[in-house]
Every structure is written in C-alpha cells, then in structure tokens.
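Each remark here refers to the structure printed beneath this line.
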Amino acid sequence: MKKINYWLVKSEPSDYSFSDLLKEPEQTAEWDGVRNYQARNILQNEMKINDQVLYYHSNSKPSQIVGTAIVVKEGYPDFTSWDPKSKHFDPKSTPQNPKWFMVDIKADKIFKTPITLQEVKNNKKLSNMVLVKNSRLSVQPVTEIEWSIILDMSK
DNA sequence: GCCAACGTTGGC
DNA sequence: GCCAACGTTGGC
C-alpha cells in the first residue's frame with residue numbers, strides 16, 4: 001500500500017479562495033505561482049497523487065483552515081513562470097529549463113467548522129505545526145497526527 | 001496599514 | 001562566501 005502524505009497550502013481568499021476552487025470544472029486547479037524554493041521543492045518532488053492537503057486562507061479575517069483537497073497531478077513545470085504577462089513571470093525560467101513547478105489539486109471536503117489560526121495556536125498538540133513555527137511558508141508538510149487532530153476539530 | 005520575520009539579491 | 005539592503009508575507 002502506498003503511503004499518503006499530508007500537506008497544507010495557503011492562499012489569500014481575495015486572490016483565490018476555497019470556494020473559487022469549488023467552482024472550477026472538476027473542482028480542480030493548477031497550484032501555480034509559488035515562487036519560494038522550499039515550497040517549490042515540495043511541489044516538484046514530494047507531493048504525490050492522492051496526498052491530502054489542508055486548505056488555509058491567509059491574510060484573512062480570521063485566517064483559518066477551511067477545507068481539504070487531494071493531489072491529482074504531480075509536480076510539473078509552472079508555465080506561468082515564462083509568461084511575460086503573468087504576474088508570477090520569472091525571466092530565468094524557460095520551457096527548456098523550468099525553474100518553478102506546480103501540482104494540480106482537487107477540492108475534497110469543506111469544513112463544517114473552519115479551524116482558525118488562533119485555535120491551532122491554542123492547541124498544545126499542534127504547537128509544532130509549520131503553520132505556527134514558520135508562518136511564511138506557503139506549501140508545508142503536516143504530520144499524520146496533526147492531520148487527524150485538525151479533522152476531528154472540524155467536525 | 002503597520003511592521004516583524006524571513007527570503008533573496010548582489011556588491012565586495 | 002559574507003552580509004547589508006531590499007522585497008515579501010502575513011498576523012495583528
């Protein structure tokens with residue numbers, strides 16, 4: 001049996017929210033625009049099909065985890081990086097030598113109760129979450145234990 | 001809107 | 001390869 005990994009991705013809801021993802025055909029979207037090496041490495045090498053993803057709304061009132069998604073396509077070049085019209089354009093990235101990568105995710109469950117950042121911080125068992133420790137990383141690993149605690153809280 | 005914390009760039 | 005300057009993220 002294949003091992004499932006758990007992740008958390010952030011998006012500003014004013015930019016692209018969980019309900020935007022739900023409106024997509026097949027509720028699936030390219031997770032493009034990530035321009036941070038640590039996050040890129042996860043997208044390119046570590047996220048696998050069927051991995052589970054927490055969907056977090058950052059810069060929000062309140063900032064919170066609002067649902068889950070599933071990886072449906074593994075790391076491939078982020079073509080917005082060589083599109084001069086894209087706001088994520090990077091002249092150092094080309095189709096021949098792509099610098100940035102993305103995956104496709106499909107919305108899975110919307111939380112009955114969103115989990116606010118405050119609640120995550122208030123839970124001692126979640127004090128090692130990357131979300132708490134390194135608030136700037138936009139694609140980050142979540143442990144199986146953290147995953148199950150958060151899913152329990154969301155019921 | 002402020003600003004702390006962090007990541008990236010580039011001069012030396 | 002160091003590190004100052006700069007840019008960005010994201011909580012508050």
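On the nucleic acid side, DNA chain C contacts chain A at distances under 4.0 Å to non-hydrogen atoms, with the end points of that region at C/dG7 to C/dC12.
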Quiz: residues 141-155 of chain A side-chain donor-acceptor pairs under 3.5 angstrom, not counting sequence neighbours:
unit_1, atom_1, unit_2, atom_2, d
A/Thr143, OG1, A/Glu146, N, 3.0
A/Thr143, OG1, A/Glu146, OE1, 3.3
A/Glu146, OE1, A/Thr143, N, 2.9
A/Ser148, OG, A/Glu144, O, 3.4
A/Ser148, OG, A/Ile145, O, 3.0
A/Asp152, OD1, A/Lys155, NZ, 3.3
A/Ser154, OG, A/Leu151, O, 2.8

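Between A/Asn59 and A/Asn36, the residue anchored closer to the 5' end of DNA chain B is A/Asn59, taking for each the nucleotide with the nearest heavy atom.
By the side chain to side chain contact (heavy atoms under 4.5 Å, CB included) test, A/Thr80 is found to be paired with A/Asp32, A/Arg35, A/Asp78, A/Ser86, A/His88, residues two or more places apart in sequence or in another chain being considered.
In this structure, A/Trp100 has its ring center under 6.0 Å from that of A/Tyr37.
With a 4.5 Å cut-off on side-chain heavy atoms, A/Tyr76 and A/Met102 count as touching.
Contact annotation for A/Lys61: no contact, since no heavy-atom pair falls under 4.0 Å across all strands.
Between the side chain of A/Asp51 and the main chain of A/Asn5, a donor-acceptor pair closer than 3.5 Å is present.
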